[in-house]
Engineer: 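Have a look at the structure that comes next, please.
Everything numeric here is computed off the predicted structure, so don't read it as measured data.
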Amino acid sequence: MSNANNNLVSTSLSNNTNLDLDVTNEAEFKKLYEGFRNSVMAIGKGYSAEAKKLSTRKRDALYVDLGAAAAVAEVMLDPMNVDYLIDALDFHGIPAVMDPDKGNVFVPICRLLWGHWPKATKGNPDPAFTWDRSPELYGKVLRGARVLGVKPADLAAQLSKEKGFKKFKEADDKRYLKDDLDEKVKKERFEKVISDDPKAVFPSEGFNIPTKDRPSLVAVLCAVSDDGLELRALQKLDISVQTLEQQVHKMAPTLVGGILLRQAERKANDAEARALAAEAALAQSITDVAVDVAAGVARWNDDNAAS
């Protein structure tokens, strides 16, 4: 596979190791990810003594490494290299992502790039390939960059400009939410729960809820009356809207069944009431017509009798 835009990529500010992105066979594919991994590990060791003094430099080097990883990932995810990638992941014991809509395809690649083989010991003579949680974060950044349309060659500069991962993580979090069926069901369930018939309604005045910041959900401290018949709202609790929404999402599956049942019963009762009202209106209309006809007949009889 040939990448005409960037055939060589430097993996770090502090290391001039270049990786050839032209991959035509499995050996070159292996050289690509092992070269990246060895370069990153060497860089990490070099920073161990000066990390505290040069944290900014270390962060910038990571940004460049992520840009390099994005370029490497493009090669590894090329359909022409799919067999090489599957074999590499299988050899390292890294779970593959078969459905990009359900898993982040960049995570296994980042595990491959940032993982390592532990040293053999007497207790563990054949250690398994391992990795920490960093690849999961890096995978989100790389997928977020793809969503934002940031090219590998521009990723390091963009990360530096944005001063970190936040924008890329947010882009990744929102990537499929509009089209994701599970997310739609989750949203609909949430809406059903928070739009259920209120058990009580009281003014929000006095609870320190500024109009400009009024959230969709508010936690209020209530005291139960001695007889258990009243909930006395005392004050707003300082809980973020995000925390409240998470709690509602957790409760929603168990709450929504009863809510739907009550709503269905209410709709049925409303429909029955409307049918009864329509029937009564029709009966009244027939009665009114009969009265009008009777009155007309009476007038006609009176007129004929007079003549």
Side-chain angles (χ1 to χ4, degrees), residues 1 9-21 23-52 54-55 57-78 80-100 102-145 152 155-156 165 168-169 172:
M1 180 264 182
V9 56
S10 177
T11 58
S12 170
L13 291 176
S14 63
N15 188 316
N16 293 322
T17 301
N18 288 325
L19 299 175
D20 191 345
L21 298 181
V23 171
T24 58
N25 55 53
E26 188 170 8
E28 291 176 347
F29 188 86
K30 181 179 179 181
K31 183 178 179 181
L32 180 62
Y33 67 75
E34 285 190 343
F36 182 99
R37 184 195 305 157
N38 292 335
S39 176
V40 169
M41 290 180 66
I43 296 163
K45 292 177 181 178
Y47 274 120
S48 60
E50 56 180 354
K52 293 182 180 179
L54 299 175
S55 59
R57 183 180 167 206
K58 184 178 181 182
R59 185 172 58 247
D60 288 342
L62 174 59
Y63 293 166
V64 176
D65 285 341
L66 284 167
V72 170
E74 282 192 353
V75 178
M76 301 182 80
L77 290 172
D78 188 292
M80 295 179 61
N81 297 325
V82 64
D83 290 337
Y84 302 152
L85 178 58
I86 291 175
D87 288 344
L89 296 178
D90 182 62
F91 176 74
H92 289 82
I94 300 173
V97 172
M98 307 308 295
D99 187 347
K102 295 182 179 179
N104 186 345
V105 296
F106 289 97
V107 170
I109 290 177
C110 288
R111 287 172 175 168
L112 186 63
L113 298 178
W114 273 278
H116 67 282
W117 292 103
K119 290 184 178 180
T121 64
K122 290 183 179 181
N124 187 15
D126 188 22
F129 188 78
T130 188
W131 56 85
D132 58 20
R133 295 295 300 273
S134 296
E136 296 176 22
L137 170 61
Y138 300 159
K140 286 184 66 66
V141 173
L142 296 187
R143 188 166 58 175
L155 181 54
F165 302 150
F168 295 86
K169 290 167 62 179
D172 178 59

Engineer: Parallel, tilted or perpendicular for H92 and F129, by the 30°/60° rule?
Structural biologist: perpendicular
Engineer: So how far is it from Y84 OH to N25 CG, rounded to the nearest 0.5 Å?
Structural biologist: 5.5 Å
Engineer: Can you find a heavy atom in the side chain of E136 that is under 4.5 Å from one in the side chain of N104?
Structural biologist: no
Engineer: Within this structure, what is the CG-CH2 distance for the pair D132 and W114, rounded to the nearest 0.5 Å?
Structural biologist: 11.0 Å
Engineer: Which value, rounded to the nearest 0.5 Å, describes the distance between N124 atom CG and K119 atom NZ?
Structural biologist: 14.0 Å
Engineer: Measure the OG1-CE distance between T24 and M80 for me, rounded to the nearest 0.5 Å.
Structural biologist: 9.0 Å
Engineer: Roughly how far apart are R37 CZ and W131 CH2, rounded to 0.5 Å?
Structural biologist: 11.0 Å
Engineer: Looking only at non-hydrogen atoms, find the nearest pair between R143 and G103 and report the distance.
Structural biologist: NH1-O, 3.6 Å
Engineer: Over all heavy atoms of both residues, which pair between F36 and A68 is shortest? Give the atoms and the distance, please.
Structural biologist: CE1-CB, 3.8 Å
Engineer: Which atom pair, heavy atoms only, marks the closest approach of P95 to R111?
Structural biologist: CD-NH1, 4.0 Å
Engineer: Show me the pairs that pass salt bridge (charged side-chain N to carboxylate O under 4.0 Å, His left out) and involve residues 87-98, at least two apart or across chains.
Structural biologist: none
Engineer: Can you tell if the side chain of N81 reaches within under 4.5 Å of the side chain of V75, non-hydrogen atoms only?
Structural biologist: yes
Engineer: Which heavy atom of F29 sits nearest to which heavy atom of A88, and what is that distance?
Structural biologist: CE2-CB, 4.2 Å
Engineer: Are Y138 and L113 close enough that some pair of their side-chain heavy atoms sits under 4.5 Å apart?
Structural biologist: no
Engineer: Please report the C-alpha distance between L62 and F165 in whole Å, then the side-chain angles of each, then the deciding distance to 0.1 Å, and finally whether the side-chain contact (heavy atoms from CB on, under 4.5 Å) criterion is met.
Structural biologist: CA-CA 11 Å; L62 174 59; F165 302 150; 4.0 Å; yes
Engineer: What are the two closest heavy atoms between A145 and L155, and how far apart are they?
Structural biologist: CB-CD1, 3.9 Å
Engineer: When rounded to the nearest 0.5 angstrom, what distance separates CZ in F106 from CG in L112?
Structural biologist: 14.0 Å
Engineer: What are the two closest non-hydrogen atoms of L85 and M76, and how far apart are they?
Structural biologist: CD2-O, 3.5 Å
